[in-house]
Amino acid sequence: MEGGAYGAGKAGGAFDPHTLVRQPHTILRVVSWVFSIVVFGSIVNEGYLNSPSEGEEFCIYNRNPNACSYGVAVGVLAFLTCLLYLALDVYFPQISSVKDRKKAVLSDIGVSAFWAFLWFVGFCFLANQWQVSKPKDNPLNEGTDAARAAIAFSFFSIFTWAGQAVLAFQRYQIGADSALFSQDYMDPSQDSSMPYAPYVEPSTGPDPASMGGTYQQPATAFDTESQGYQSQGY
């Protein structure tokens, strides 16, 4: 089976954007990226209200500045994380090292699971603070739609990031038995394991038949199966 994951068939393969955009994990990354924009954009634009009596802004979520700060921070960092891993998806076909490919997929599993947890905490935190908010703090119901949108898309983000973790784990399992991890490029000129016949000095006798071979290579020296990509297990 080919590498499949990240649109790569083997190490050093050419980047295929059409294959990449059709990958389920790429779709989930883009969706998660959009959700993060909705969350931090809603809070930044309409998550703070003005108090005429106090002359200062306060967070729409029960006047708790930590709620707004958490939503903005998680949203912005999730936005950047999505971009980072989308860039990794593009670069992945050029990674020839087995260990580097393995680390990339393992990091995808860990980071995606971690962000699913952060979004779960964020959803619970924002929903709780919204529930206990006092109507007198916002008599005109300003920004309520944006506040609810941030809560809703925080909830949706739990599943998109958890889905990325599941897909990354599946790629890891598939890669263990396929070209994703089983091939590691090695420069043939640096391969010391390739056998060569020893160099033999020419005979000093007059008989040409007694002349030793100057340099010989085994029949498999240029066998493409024995160099270039080598199978490695872990």
Side-chain angles (χ1 to χ4, degrees), residues 20-90 104-172:
L20 178 66
V21 297
R22 291 196 299 266
Q23 296 294 330
H25 66 273
T26 303
I27 297 174
L28 281 180
R29 288 202 212 285
V30 174
V31 172
S32 299
W33 179 71
V34 173
F35 286 177
S36 66
I37 295 176
V38 173
V39 173
F40 77 77
S42 298
I43 297 175
V44 169
N45 291 328
E46 301 184 56
Y48 293 90
L49 303 177
N50 292 314
S51 174
S53 59
E54 299 176 7
E56 60 182 14
E57 291 184 337
F58 61 88
C59 179
I60 194 173
Y61 296 103
N62 195 34
R63 287 179 171 262
N64 188 345
N66 293 329
C68 288
S69 298
Y70 185 91
V72 172
V74 172
V76 171
L77 292 176
F79 170 84
L80 297 175
T81 303
C82 287
L83 293 180
L84 175 64
Y85 275 87
L86 282 171
L88 178 62
D89 292 345
V90 174
V105 178
L106 285 175
S107 72
D108 194 1
I109 298 173
V111 170
S112 298
F114 178 68
W115 277 107
F117 171 75
L118 290 182
W119 280 118
F120 174 75
V121 173
F123 165 73
C124 294
F125 189 21
L126 294 180
N128 173 262
Q129 293 301 300
W130 179 249
Q131 186 177 12
V132 299
S133 297
K134 301 175 179 62
K136 65 178 182 179
D137 291 333
N138 187 16
L140 300 178
N141 291 325
E142 298 178 30
T144 54
D145 291 339
R148 293 191 183 99
I151 295 173
F153 283 94
S154 295
F155 178 74
F156 298 151
S157 295
I158 299 172
F159 299 98
T160 58
W161 283 96
Q164 291 181 62
V166 171
L167 291 175
F169 181 72
Q170 291 177 346
R171 294 200 305 277
Y172 178 80

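The chain is numbered in sequence order, starting from 1.
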Exercise. What closest approach, in Å, do L106 and Y172 show between heavy atoms, and which atom pair accounts for it?
Worked result: CD2-CE1, 3.7 Å
Exercise. Do V31 and Q164 have side-chain heavy atoms sitting under 4.5 Å apart?
Worked result: no
For this session: Any chance you could measure L86, atom CG, to H25, atom NE2, to the nearest 0.5 Å?
Result: 8.5 Å
Exercise. So, do S157 and W115 sit near enough that their side-chain heavy atoms are less than 4.5 Å apart?
Worked result: no
Problem set entry | Gap separating the CD1 atom of I158 from the SG atom of C124, nearest 0.5 angstrom | 6.5 Å
Exercise. Do R148 and I151 have side chains that get closer than 4.5 Å, going by heavy atoms?
Worked result: no
Exercise. Atom CG in L167, atom OG1 in T26: separation rounded to 0.5 Å?
Worked result: 9.5 Å
Exercise. Considering all heavy atoms of both residues, which atom of A116 and which atom of A162 are nearest to each other, and what is their separation?
Worked result: CB-N, 3.8 Å
Exercise. Between F156 and F153, is the gap from one ring center to the other below 6.0 Å?
Worked result: yes
For this session: Locate the shortest heavy-atom distance separating G163 from L28; write the atom from each residue and the value.
Result: C-CD1, 3.6 Å
Indicate every side-chain donor-acceptor pair of residues 132-140 with a distance under 3.5 Å to a residue at least two apart or in another chain.
unit_1 : atom_1 : unit_2 : atom_2 : d
S133   : OG     : N62    : N      : 2.8
S133   : OG     : Q129   : O      : 2.7
S133   : OG     : W130   : O      : 3.4
D137   : OD1    : R63    : NE     : 3.1
N138   : OD1    : N141   : N      : 3.3
N138   : OD1    : E142   : N      : 3.0
N138   : ND2    : E142   : O      : 2.9

Tabulate below the donor-acceptor pairs under 3.5 Å that side-chain atoms of residues 40-48 make, not counting sequence neighbours, or state none.
unit_1 : atom_1 : unit_2 : atom_2 : d
S42    : OG     : V38    : O      : 2.6
N45    : ND2    : G41    : O      : 3.0

Problem set entry | OG1-CZ distance between T81 and F114, expressed to the nearest 0.5 angstrom | 9.0 Å
Exercise. Between atom OG of S107 and atom CG of L88, what is the distance when rounded to the nearest 0.5 Å?
Worked result: 6.5 Å
Seminar exercise, completed: Closest heavy-atom pair, V105 versus A168, reported as atoms and distance to 0.1 Å, is CG1-O, 3.4 Å
For this session: May I ask you to test the V34-I37 pair for a side-chain heavy-atom distance under 4.5 Å?
Result: no
Only pairs under 3.5 Å count here: list side-chain donor-acceptor contacts from residues 68-77, not counting sequence neighbours, and write none if there are none.
unit_1 : atom_1 : unit_2 : atom_2 : d
S69    : OG     : P65    : O      : 2.9
Y70    : OH     : L118   : O      : 2.9

Seminar exercise, completed: Here the pair of heavy atoms bringing A147 nearest to Y61 is O-OH, 2.7 Å
Exercise. Given side chains that start at C-beta, do those of R171 and D108 come closer than 4.5 Å, heavy atoms only?
Worked result: yes
Problem set entry | Closest non-hydrogen atom pair, F35 against T160 | CE1-CG2, 3.7 Å
For this session: Report the distance from atom CH2 of W119 to atom CZ of F159, rounding to the nearest 0.5 Å.
Result: 14.0 Å
